[in-house]
Each structure stands twice: as C-alpha cells, then as structure tokens.
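Inspection log for the structure reproduced underneath, given as structure tokens.
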Amino acid sequence: MRLLLFFDLPMNTKEERRIYSKFRKYLINNGFTMLQFSVYAKIFPNRTSLFQYIDGLKRNLPVKGSIRIMAVTEKQYEKMLILVGGKTIQEETITEDPMVIL
C-alpha cells in the first residue's frame with residue numbers, strides 16, 4: 001500500500017515558513033519521498049501499519065493549511081500516468097520490494 005499525502009501550507013510569515021519546513025522535514029524523516037512539490041508518498045506493508053501510522057501523523061499536523069491523504073494499492077499506484085516529465089531516481093529506487101540493490 002502507498003499513502004499519498006498532499007499539502008498546501010501558508011508561507012507568508014517567517015513563522016509559517018518555519019512550520020512548513022518543520023512539517024516537510026517530518027515527512028522526509030518518516031520515510032516519505034517527494035513525487036512533486038507538496039505531494040509525498042510512503043510505502044506500507046499492509047493496511048494495519050498504514051492506519052497505525054495515520055494515527056501518529058494526525059498528532060504532528062500543522063494547525064493551518066490544507067493536508068489530504070489517500071491510500072492506494074501498489075497496483076493502483078503503478079497505473080498512475082506521468083504526462084510530462086518522468087520518474088525521479090528515488091521513485092526508480094524505492095519500491096515495494098524490501099531489498100534494494102545499488
């Protein structure tokens with residue numbers, strides 16, 4: 001399963017930029033990879049671990065802004081069409097397979 005997270009946070013003041021940076025670092029430190037600006041994805045082995053993670057995520061959300069999540073299966077994720085551009089190196093490397101050969 002993959003959890004897709006979409007967010008738009010205000011960045012008008014220095015404090016809002018600090019909150020944005022803190023949230024983005026939280027996502028990266030917790031295994032999310034950036035698909036596009038403000039769109040991140042994380043792989044989970046099953047629904048149980050996904051829902052447990054969502055509970056923890058809810059405790060680390062900024063107060064202002066818009067944050068949405070969507071869980072998709074690997075099969076659904078693989079059917080995503082890239083209309084312009086291509087997969088990033090991270091997307092090519094990080095897969096559902098727990099063993100990565102570099």
Side-chain angles (χ1 to χ4, degrees):
M1 301 242 16
R2 292 210 190 209
L3 180 65
L4 301 177
L5 186 139
F6 314 88
F7 70 95
D8 285 317
L9 299 179
M11 292 183 49
N12 300 319
T13 66
K14 190 173 184 177
E15 178 64 16
E16 288 174 342
R17 287 189 295 274
R18 187 187 67 75
I19 291 169
Y20 169 89
S21 180
K22 182 180 176 186
F23 182 66
R24 185 177 173 282
K25 286 179 184 177
Y26 169 81
L27 294 176
I28 293 168
N29 290 336
N30 281 275
F32 279 86
T33 56
M34 185 173 75
L35 295 179
Q36 292 181 201
F37 292 116
S38 300
V39 180
Y40 286 74
K42 179 177 168 94
I43 298 174
F44 291 90
N46 54 49
R47 289 181 190 274
T48 304
S49 60
L50 174 100
F51 291 129
Q52 287 173 348
Y53 184 81
I54 290 172
D55 289 339
L57 177 64
K58 288 178 182 177
R59 291 189 295 272
N60 289 285
L61 297 175
V63 178
K64 295 180 182 178
S66 174
I67 301 173
R68 298 165 188 244
I69 57 174
M70 179 172 61
V72 296
T73 64
E74 278 302 305
K75 205 172 223 181
Q76 291 168 328
Y77 185 82
E78 289 170 5
K79 290 181 182 178
M80 180 178 9
L81 298 176
I82 299 174
L83 300 178
V84 176
K87 287 187 175 183
T88 65
I89 294 171
Q90 279 184 320
E91 284 181 279
E92 293 286 350
T93 306
I94 299 173
T95 64
E96 182 179 30
D97 188 3
M99 183 172 175
V100 176
I101 299 172
L102 301 174

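Along the sequence shown, residues are numbered consecutively beginning with 1.
In the hydrophobic cluster analysis, where Ile, Leu, Val, Met, Phe, Trp and Tyr join through side-chain heavy atoms closer than 4.5 angstrom, Phe37 is grouped together with Met11. Hydrophobic clustering (side-chain heavy atoms under 4.5 Å, transitive across Ile, Leu, Val, Met, Phe, Trp, Tyr) groups Leu61 together with Ile28. Tyr40 and Phe6 are not part of a single hydrophobic cluster, where members link through side-chain heavy atoms under 4.5 Å apart. Met34 and Met80 end up in different hydrophobic clusters when Ile, Leu, Val, Met, Phe, Trp and Tyr side chains are linked at under 4.5 Å.
Rounding to the nearest 0.5 angstrom, the gap separating the CG atom in Leu4 from the CZ atom in Arg68 is 13.5 Å. From Tyr20, atom OH reaches atom CG of Asp8 across 9.5 Å, with rounding to the nearest 0.5 Å. To the nearest 0.5 Å, atoms NZ (Lys42) and CZ (Arg2) are separated by 12.0 Å. Note that CG of Leu5 is 5.5 Å distant from CG of Leu27, once rounded to the nearest 0.5 Å. Here the CZ-CG distance, from Phe51 to Leu3, works out to 9.5 Å after rounding to the nearest 0.5 Å. Atom NZ of Lys64 is separated from atom CG of Asn12 by 9.0 Å, given to the nearest 0.5 angstrom.
For the residue pair Gly65 and Pro10, the shortest heavy atom distance occurs at CA-CD, 3.8 Å. Here the closest heavy-atom approach between residue Ser66 and residue Leu9 is recorded as N-CD2, 4.5 Å. Between Ala71 and Met1, the shortest heavy-atom contact is CB-CE, 3.9 Å.
For Tyr26, the side chain to side chain donor-acceptor pair (under 3.5 Å) partners at least two apart in sequence or on another chain are Asn60. Phe23 is linked by a ring-ring contact (aromatic ring centres under 6.0 Å, His included) to Phe7, counting only residues two or more places apart in sequence or in another chain.
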task: Step by step, work out the side chain to side chain contact (heavy atoms under 4.5 Å, CB included) result for Ile43 and Thr33.
output: CA-CA 9 Å; Ile43 298 174; Thr33 56; over 6 Å; no
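Residues Arg18 and Glu15 are in side-chain contact: their nearest non-hydrogen atoms beyond the backbone lie under 4.5 Å apart. The closest side-chain heavy-atom distance from Ile69 to Leu57 is below 4.5 Å.
Shown here is Arg17, whose CZ atom has more than 12 heavy atoms of other residues, nucleotides or ligands within 6.0 Å.
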